[in-house]
Amino acid sequence: MFLVGLTGGIASGKSTAVAMLRELGCAIIDADVLARQVVQPGFLAYQRIVQSFGPEILLENGEINREALRNIIFSQPEKRQLLNSITHPEIQKEMLKQILKYFVLGYQYVILDMPLLFETNTLTRFMRYTVFVYCDAQTHKKRLMSRDGLTPTEAQACLAAQLPLSQKVELADHVIDSSGDTEAMRRQVLKLHAAPEDSLDFVLVRLLAAAAMAGISGLLYFLLWKLMS
């Protein structure tokens, strides 16, 4: 099994590409969903955040006040680094759990949906391929203005805060151009999905895992037989 990293700029069409891939039955892990999950009450990251930032960042229902936390990390870079040091390891643990689940289920590859894949650059070395959903600058700006109700100046400022799309295009192994209509984009997604590479390493590891599971099952059966005899 191998990993595919999928990313895209804000309002670039990445969510549409992900929806198409889900329809095709692809295994997809959403990093944003995991990021929201690990800061919920009961998770280790939640406990450490409260210990580090104090109970004043909590809402009445006990959940973290995201707006209050966001205001803190935006004004204090060292606090942003602290938050990342708490959440990133927990996100990666949950990601690994899901990867193992899809491995056991027999998926040939897993897509990691990560908006900041190239910005963080910590997981790209584990990816067999990286895919970037792209649209031209004019379309990108119009979509952002329409989606978030921004003025041209506000939209431009938002885009300027991100790594330039042209730079991400150079970093990606594959590019899906979402500048056109939905059908044109769908054809690109289908083409990408239709050509996964076979992996002999995947087959070997699956055989070893099956052998290990068979060994464990045999041991459990033997112990159960001894207890009952």
Side-chain angles (χ1 to χ4, degrees), residues 1-37 91-92 94-148 159 162-206:
M1 186 179 73
F2 58 88
L3 303 178
V4 177
L6 176 69
T7 189
I10 182 173
S12 66
K14 180 175 68 68
S15 296
T16 302
V18 168
M20 292 176 179
L21 289 165
R22 287 191 188 280
E23 290 177 0
L24 293 169
C26 293
I28 300 176
I29 299 174
D30 189 327
D32 278 348
V33 171
L34 296 183
R36 292 191 293 270
Q37 176 183 320
I91 293 171
Q92 290 175 14
E94 294 301 318
M95 192 176 291
L96 180 58
K97 289 179 184 178
Q98 292 200 22
I99 291 172
L100 291 174
K101 177 189 73 174
Y102 287 124
F103 169 76
V104 171
L105 290 174
Y107 282 83
Q108 186 180 10
Y109 65 94
V110 175
I111 298 172
L112 302 184
D113 177 4
M114 303 183 65
L116 299 179
L117 176 65
F118 294 131
E119 283 83 351
T120 56
N121 199 32
T122 56
L123 296 177
T124 51
R125 65 182 182 276
F126 300 111
M127 308 297 172
R128 175 76 68 84
Y129 304 114
T130 55
V131 180
F132 179 58
V133 182
Y134 162 88
C135 63
D136 62 77
Q138 185 177 3
T139 302
H140 197 192
K141 187 174 180 179
K142 286 182 177 178
R143 286 179 181 172
L144 184 57
M145 291 169 59
S146 175
R147 193 193 73 171
D148 294 350
L159 294 175
Q162 294 191 325
L163 198 65
L165 296 188
S166 57
Q167 187 173 343
K168 291 184 180 182
V169 167
E170 295 299 322
L171 293 171
D173 297 311
H174 301 280
V175 175
I176 296 175
D177 190 346
S178 68
S179 303
D181 58 28
T182 303
E183 286 308 310
M185 185 177 179
R186 189 183 302 277
R187 287 193 293 271
Q188 296 176 70
V189 171
L190 287 171
K191 182 178 180 181
L192 183 66
H193 175 67
E197 290 189 4
D198 293 329
S199 173
L200 292 177
D201 292 336
F202 167 72
V203 175
L204 176 60
V205 173
R206 292 272 311 162

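Any value given below was found using the heavy atoms of this structure, including those in side chains, with hydrogens, waters and symmetry copies removed. Just so it is clear, the structure is predicted and the values come from calculations on it, not from any experiment.
Aromatic ring pairs are classed by plane angle as parallel below 30°, tilted from 30° to 60° and perpendicular above 60°; the pair Tyr109 and Phe2 is parallel.
For the side-chain contact (heavy atoms from CB on, under 4.5 Å) with Val189, the lone residue among Thr16, Val18, Leu24 that qualifies is Leu24.
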Practice problem: Determine, stepwise, if the pair Met127 / Asp173 fulfils side-chain contact (heavy atoms from CB on, under 4.5 Å). | Solution: CA-CA 10 Å; Met127 308 297 172; Asp173 297 311; over 6 Å; no

Exercise. Please report the C-alpha distance between Leu112 and Phe126 in whole Å, then the side-chain angles of each, then the deciding distance to 0.1 Å, and finally whether the side-chain contact (heavy atoms from CB on, under 4.5 Å) criterion is met.
Key: CA-CA 11 Å; Leu112 302 184; Phe126 300 111; over 6 Å; no

Practice problem: Test Leu21 against Asp113 for side-chain contact (heavy atoms from CB on, under 4.5 Å), laying out the working first. | Solution: CA-CA 11 Å; Leu21 289 165; Asp113 177 4; over 6 Å; no

Exercise. Please report the C-alpha distance between Ile176 and Val131 in whole Å, then the side-chain angles of each, then the deciding distance to 0.1 Å, and finally whether the side-chain contact (heavy atoms from CB on, under 4.5 Å) criterion is met.
Key: CA-CA 7 Å; Ile176 296 175; Val131 180; 3.9 Å; yes

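Here Ile29 contributes atom CD1 and Leu34 contributes atom CG; the two are 7.0 Å apart, rounded to the nearest 0.5 Å. Residue Thr7 holds its OG1 atom at 8.0 Å from CE of Met114, rounded to the nearest 0.5 Å. The CG atom of Asp30 lies 10.0 Å from the CG atom of Leu6; values are rounded to the nearest 0.5 Å. Taking CZ of Arg186 as the reference point, atom CG of Leu190 lies at 7.0 Å (rounded to 0.5 Å). The CZ atom of Arg143 sits 13.0 Å away from the CD1 atom of Ile10 when rounded to the nearest 0.5 Å. Here Gln138 contributes atom CD and Ser179 contributes atom OG; the two are 10.0 Å apart, rounded to the nearest 0.5 Å.
The two residues Val133 and Ala17 have their closest heavy-atom pair at CG2-CB, 3.9 Å. Nearest heavy-atom pair, Leu165 versus Cys135, reported as atom, atom and distance to 0.1 Å: CD1-O, 3.5 Å. Listed here is the closest heavy atom pair of Phe132 and Ala172: CB-CB, 3.6 Å. In terms of heavy-atom proximity, Pro115 sits nearest to Lys168 at O-NZ, 4.3 Å. Heavy-atom minimum distance, Ser178 versus Gly13: OG-CA, 4.2 Å. Across all non-hydrogen atoms, the minimal contact from His140 to Gly9 is NE2-C, 4.1 Å.
Not a single donor-acceptor pair under 3.5 Å links the side chain of Thr130 to the backbone N or O of Gly5. Ser146 places no side-chain N or O within donor-acceptor distance of the main-chain N or O of Lys142, the cut-off being under 3.5 Å.
Glu94 is listed as a side-chain neighbour of Lys97, based on a closest heavy-atom distance under 4.5 Å.
Counting non-hydrogen atoms of neighbouring residues, nucleotides and ligands closer than 6.0 angstrom, the NZ atom of Lys101 exceeds 12 such neighbours.
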